[in-house]
Visitor: 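Sharing a structure here in structure tokens format.
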Amino acid sequence: MKEMHARLRHRHAMGELESRRPDLAFVSVSKDSLRPLLADLRDREGFTHLVLLTAVDWIEDNQFQLTYLLHDRAAPRDLGVRVMLDRDNPVMDSVHDLWPTAATYQRELREMFGIDFPDSPRLDEEFILEGWTDKPPYRRDFDTLEYAEKTFTHRPGRETHDPATYMKQKLYPDGA
Amino acid sequence: MREELRKRTVTAPDGQTFEIEPLKDYFCEAQPQVQRPAYAKIVEDLFNWARSESLWILGFGTGCGAIEMRPLMTPRYDAYRFGIQWRPTPRQSNLFVISGYLSVKTLKRVIRSYEQMQGPKYVVGLGSCTINGGMYWDSYNTIKQLADYLPVDVYIAGCMPRPEALLAGFEELKRIIRAGKGEGANRYAENFEWYKANQKRVIQDWDMPDYNW
Amino acid sequence: MPFEWVQIPYALLTLFIVVNYGLVLTALIQKIGARVGRRHGIRIYQNYVDLLKNYALRTHITHGVMFYLGPVFRLTGGVGLLLFVPTIFGSEMFSNLSFAGDLILALYFVFFGSLGMALGAGESGHPYSAIGVTRGLSQVTAAELPLALAVFAVSLQYETLSITEIVAAQQGGVTNWTLFTNPLAVAAAMLSFLGSMMRPPFDVVLAPQEIPIGPPTEYHSAYLALMQTNRVIFPVAKVVIYMNLFFGGATGWGEFAVKVFCIYMVSVLVGVVFPRFRVEQSIRWFLVWAVPIGVLSIVIA
């Protein structure tokens, strides 16, 4: 991992290697150098498999973090590549031509986080939600509870108990 | 609305042009009718007994609770001896078990399937999620009260209810039917406007006819 | 035998007995199947309840005239098959409307129901129905071939096309049965029998466990009840033909009940042991195993 990182550093602008396990590490890159790095990793370093592409909403920093998790079957080892995006203008290059599966992940991210991937196939089709009109539900400023209260009706008489105290009262009513 | 459901003009190979309005042409627009018990009391009682002893469940698992229905077919519980069996098409079944949480997307399919079933038909809400949202009480995408959208005859509480609880629920449903109170289809027809309004409030992209049997 | 009006109520009586016998028999067979799977199985009167329930449903919808006629044709196939075949040999009451050439008519009726079903299911417009009917017709056609060959072999053997005469020729001891006088034809016919009973391994067409239930996808309430009625008459009627042609017929209702049950059990025993064939597999199976035996039986006869 380390030597691969040292080798790649000459060619790509990338951050420090964060090693988690001998076979798992993460590295941060800038938005523009992601694509050449991924192509390099896939074609020369043996990371042939895109395990997942997911996002994290860092609302305090006003950023989205994308994580491309790659897997090298031969070694075997995993490498996560992180990219930070501006939260106000979340646009990212599509990588569906490197891994066709990425198109599906990008559809999901588009729907759930509102991150745009221009030219990704079927990007604007509905993925899981149907007829969603509110803001993307995985963004942290979307309040699910408020939305649920507004949209669906509760049956009156719902009570919430703290399990510990409730069971204590039930089992030992005289406080023993 | 989806492309294939929009009104459009089509040119046939021989040059004729047609106006097509799929929602009108492919579906019937008739509203559901209230079907009162039609025969003498003794005949209706016999029929109700037959209905209660021959519950055909639509094989449509809407949520995780569907996993609790499978054991009912196995030697351990064997629901067949109570006259319960599973049918693959809504046309032939008359009991709809809403098994657990119901997402809005599934609700759309559930409504269509329910309306295609032939009356008298019954709905059983399985699990806490159908009663009051259950553990999905703050979810943006699952409904809370099933009774807002479909006429429910019996609830089976639990998360998840065991197969024994399901069998007990079915026995309860049988009692209701035998007493002549299993009139969910008629309640649906009588309060059709109210049910439709509730359904349309959560299903944002309503792209089917209002009643599609 | 000259026609007399009294034959009609007699034939209806036969029909009544056979419907009830069939309802109980199919329930019993399902129970046996369940017991093989160590389940308790349905109640013995469950079929009556299901039938009553389906007739008692309050709403039904139609897809057109042929949609009505589909189940009617199917029922006609079952009833016709039963009525034109002597059920009890030597009995004035239960010889039904049999006549000199009834063997050919019976062969035709075996197929009639499926054709009627094809029209009705096609009209319903559901893709699963169309798929189911196509599969069903191809399988029934393949299964029918060895039966037709076997029937020709038997009619050559006895030099008649009347079922009554064929039964008469088999009387006087077990060794006179076609089963022993022409075993090849019986073998071919029994293989065909497996295919046309709509039991595993040849029931992929309308097994309720398959996602497309097949032809009856759109059928419900009274239509479905008609088809259920047919499903209890038709197997019994078919078994009656087999019994008459190959197993010496029956001289009384007791013998009838036992023989029909035993012949039916052949397909059940095969069914609980073997998994389902796909349609193309079953067609190949019929053409490779059953048809050559049928051809051989004709060549020898």
Side-chain angles (χ1 to χ4, degrees), chain B residues 26-28 30 32-39 43-57 59-60 72-95 115-121 174 177 182-183 185-186 189 211-213, chain C residues 27 30-64 67 71 121 124-129 131-132 206-228:
Chain B
Y26 299 165
F27 299 95
C28 177
Q33 302 293 318
V34 179
Q35 308 272 347
R36 289 279 159 231
Y39 305 101
V43 183
E44 275 299 326
D45 282 351
L46 175 70
F47 281 175
N48 279 334
W49 172 78
R51 285 166 192 146
S52 74
E53 293 303 315
S54 162
L55 292 174
W56 290 9
I57 302 179
F60 180 5
L72 290 180
M73 303 179 197
T74 60
R76 182 155 180 182
Y77 301 105
D78 189 23
Y80 292 98
R81 69 202 147 115
F82 301 114
I84 296 166
Q85 56 170 305
W86 282 261
R87 303 300 292 191
T89 127
R91 294 282 189 224
Q92 295 172 6
S93 37
N94 40 24
L95 171 59
E115 288 175 354
Q116 286 177 16
M117 285 159 61
Q118 301 301 315
K121 48 193 172 184
K174 284 183 183 183
I177 298 172
E183 298 288 349
N186 285 344
Y211 185 68
N212 49 66
W213 50 258
Chain C
Q30 258 187 293
K31 232 174 149 56
I32 292 173
R35 287 291 163 90
V36 172
R38 302 211 170 174
R39 285 190 292 113
H40 197 269
I42 61 172
R43 290 166 298 198
I44 202 83
Y45 59 90
Q46 184 68 46
N47 282 338
Y48 289 94
V49 183
D50 286 347
L51 209 55
L52 186 60
K53 194 271 311 257
N54 272 332
Y55 279 119
L57 281 187
R58 292 201 192 118
T59 57
H60 18 82
I61 58 169
T62 177
H63 295 275
F67 188 74
S124 79
H126 199 289
Y128 286 165
S129 307
I131 296 170
L206 39 70
Q209 295 91 340
E210 300 288 326
I211 294 170
I213 187 179
T217 308
E218 280 286 308
Y219 281 101
H220 53 269
S221 53
Y223 310 115
L224 187 65
L226 273 185
M227 290 167 62
Q228 281 180 311

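Remember, it's a predicted structure, so these values are computed and weren't measured experimentally. So you know, we letter chains A, B, ... as the sequences are listed, proteins then strands, and number each from 1. No hydrogens, no waters, no symmetry mates; every other heavy atom, side chains included, goes into these values.
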Visitor: Go through the atoms of B:Q33 and report whether side chain, backbone, both or neither lie under 4.5 Å from a heavy atom of chain C.
Guide: neither
Visitor: Under 4.5 Å heavy-atom distance to chain B, tell me which part of C:Q46 shows up: side chain, backbone, both or neither.
Guide: side chain
Visitor: First locate atom CD of B:Q118, then atom OG1 of C:T59, and finally report the distance between them rounded to the nearest 0.5 Å.
Guide: 4.0 Å
Visitor: Is the shortest heavy-atom distance from the side chain of C:H40 to the side chain of B:P75 under 4.5 Å?
Guide: no
Visitor: How far does CG of C:L52 sit from CZ of B:R51, to the nearest 0.5 angstrom?
Guide: 9.0 Å
Visitor: Just grab all the salt bridge (Lys or Arg N to Asp or Glu O under 4.0 Å) pairs involving residues 37-51 of chain C, residues at least two apart or on different chains.
Guide: B:E53-C:R43, B:D78-C:R39
Visitor: Between C:I42 and chain B, with a heavy-atom cut-off of 4.5 Å, which part of the residue counts as in contact: side chain, backbone, both or neither?
Guide: both
Visitor: Has the side chain of B:R91 got a donor or acceptor atom that lies under 3.5 Å from a matching backbone atom of C:S221?
Guide: no
Visitor: Which heavy-atom pair separates C:Y219 from B:Q92 by the least distance, and what is that distance?
Guide: O-CG, 3.0 Å
Visitor: Mind checking the CZ-CZ spacing from C:R58 to B:F47? Nearest 0.5 Å is all I need.
Guide: 10.0 Å
Visitor: B:P120, B:P90, B:S52: which one forms the most heavy-atom pairs within less than 4.5 Å of chain C?
Guide: B:P120
Visitor: Do you know which two heavy atoms are closest between C:T217 and B:T89, and how far apart they sit?
Guide: O-OG1, 3.0 Å
Visitor: Excluding sequence neighbours, so at least two apart, what forms side-chain contact (heavy atoms from CB on, under 4.5 Å) with B:R76?
Guide: B:T74
Visitor: Main chain of B:S54, side chain of C:K53: is a donor-acceptor contact present, judged purely on distance under 3.5 Å?
Guide: yes
Visitor: Side chain, backbone, both or neither: which part of B:F82 has an atom under 4.5 Å from a heavy atom of chain C?
Guide: backbone
